[in-house]
There are 2 protein chains.
Amino acid sequence: MIDPSGPGSAFLLAQLGAYAAGRFAERIAELELTPPQTGLLRAIAAEPGRSQQALARLLGTPPSRLVALVDGLDERGLVERRRNPDDRRLHALHLTEAGEALLGRIAEVGRAHDDAICGPLPDADRARLRALLARLAEAHGLTPGVHPGYRRL
Amino acid sequence: MIDPSGPGSAFLLAQLGAYAAGRFAERIAELELTPPQTGLLRAIAAEPGRSQQALARLLGTPPSRLVALVDGLDERGLVERRRNPDDRRLHALHLTEAGEALLGRIAEVGRAHDDAICGPLPDADRARLRALLARLAEAHGLTPGVHPGYRRL
DNA sequence: TATTGTTATACTCTATAACTATA
DNA sequence: TATAGTTATAGAGTATAACAATA
């Protein structure tokens, strides 16, 4: 233990994390996206062609939930399911051109969001914070780019 | 912006925050408590005698939700509603002795949790992290001790 | 009429499990 | 028989709004 007074780092992490997630949700709502949809788009872009099962495992969600998520993005022309001719049970997921374009806008929103959250810190402290957080995330085995809290919204 | 490669601090905050919140929920589940119940117990202990409306405003939850929360803790003999004789509409909330005792165990769980989350960092870095997080929380006007994500579980 | 606490209702989200089609 | 995807169902949790008691 470091200092028994005041809230511990773990509480501050949870508090700030929930705050940051909420603010991010507000921002991407302007792109008519929810956080889980955003996470899925990023996961597809990171490695196109994966099956829904593979993505469900990666994101830690039941396959049935992924179906609804993909349906929504598919109807909007952001992703497409491509049948695998060798195994017709599989749906390889890919971004469409519109999906790629939207991903670019998501990246912009992400940068603005990051600046808004970390802006109160001077650059040097901001870099230190990121290094510390990255070390913790790695130590706990968190999957890079996958938010365990994409269960909401 | 600091460094465009890899996830930003805001994403890491959200990711680690959700992870920390999940782990904490697991720990206090052994005391048969949910995170919102825990937050309410702490809020009552911080300033006994407040009304349900005042607590609802503090925690950012609709009053109707607080009723169910208080009901559960009341039935278990952890909190009690005391009628205010001057204004009989008001219910002043207090912890019972059992509630105080449980609060002590919650504090223990909190310390163990904090150690588990931050343990991977050496003590000096852990202190730095906490200072940085505290600065950010204050800059964003987050209410001390109140988790915006107590909407789940 | 306004406010505190409560209850009732409806809605969203989710997981579980049954189902189909392919293998 | 086993697997990928889908659909159906049921449950938990929530907010909104109506309601009763008190001021």
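Below, all heavy atoms of this structure are taken into account, side chains as well, without hydrogens, waters or symmetry copies. None of the values given here were measured: they were computed from a predicted structure. Naming convention: chains lettered A, B, ... in sequence-line order (proteins, then strands); numbering from 1 in each chain.
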task: Find which nucleotide of DNA chain C each of B/Arg57 and B/Ala68 is nearest to by heavy atoms, and output the residue with the more 5' nucleotide.
output: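 Mapping each residue to its closest nucleotide by heavy atoms, the 5'-most match is B/Arg57.
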Quickly work out the [X] [atom1] to [N] [atom2] distance and round it to whole Å.
X	N	atom1	atom2	result
B/Leu66	D/dG13	CG	P	16 Å
B/Leu90	C/dA2	CG	P	18 Å
A/Arg82	D/dA4	CZ	P	20 Å
A/His91	C/dA21	NE2	C1'	10 Å
A/Asp86	C/dA21	CG	C1'	17 Å
B/Leu69	D/dA12	CG	C1'	15 Å
B/Arg83	C/dT6	CZ	C1'	11 Å
B/Arg65	D/dG13	CZ	P	10 Å

query: Is a salt bridge present between A/Arg50 and A/Glu47, judged by a nitrogen-to-oxygen distance below 4.0 Å?
result: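 Answer for the salt bridge query: yes.
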message: Salt bridge check, B/Asp123 against B/Arg128: does any charged N sit closer than 4.0 Å to a carboxylate O?
response: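 Judged by the 4.0 Å cut-off on N to carboxylate O distance, B/Arg128 and B/Asp123 do not form a salt bridge.
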- request: Using a heavy-atom cut-off of under 4.0 Å over every strand shown, decide if A/Ser64 touches base, sugar-phosphate, or nothing.
  value: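 Since a base atom lies under 4.0 Å of A/Ser64, the category is base.
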- request: May I ask you to say what A/Gln52 touches in the nucleic acid, namely base, sugar-phosphate or nothing, with a heavy-atom cut-off under 4.0 Å?
  value: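 Counting heavy atoms under 4.0 Å across all strands, the contact made by A/Gln52 is with sugar-phosphate only.
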message: Can a side-chain donor-acceptor contact be found between B/His91 and B/Arg83 if the only test is distance below 3.5 angstrom?
response: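 The criterion, which ignores hydrogens and geometry beyond distance, is satisfied for B/His91 and B/Arg83.
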Identified side-chain contact (heavy atoms from CB on, under 4.5 Å) partner of A/Leu59 from the options A/Thr143, A/Leu40, A/Leu69: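 Looking at A/Thr143, A/Leu40, A/Leu69, the match for A/Leu59 under the side-chain contact (heavy atoms from CB on, under 4.5 Å) is A/Leu40.
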task: Would you tell me if any nitrogen or oxygen in the side chain of B/Arg88 comes within less than 4.0 Å of OP1 or OP2 on D/dT22?
output: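 Checking B/Arg88 against D/dT22: at least one side-chain N or O falls below 4.0 Å of OP1 or OP2.
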Side-chain N,O (B/Arg81) to OP1/OP2 (C/dT6) below 4.0 Å: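 Yes, within the criterion.
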task: Heavy atoms only: give me the nearest A/Ser9-B/Asp114 pair and the separation to one decimal.
output: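 Shortest heavy-atom contact: N-OD1, 3.1 Å.
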query: From C/dT6, C/dA2, C/dA15, pick the nucleotide closest to the side chain of B/Arg89?
result: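 Within the option list, the nearest is C/dA2.
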- prompt: Between B/Pro62 and A/Gln53, which has a closest nucleotide on DNA chain D that is more 5'?
  reply: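 Looking at the nearest nucleotide for each, A/Gln53 comes out on the 5' side.
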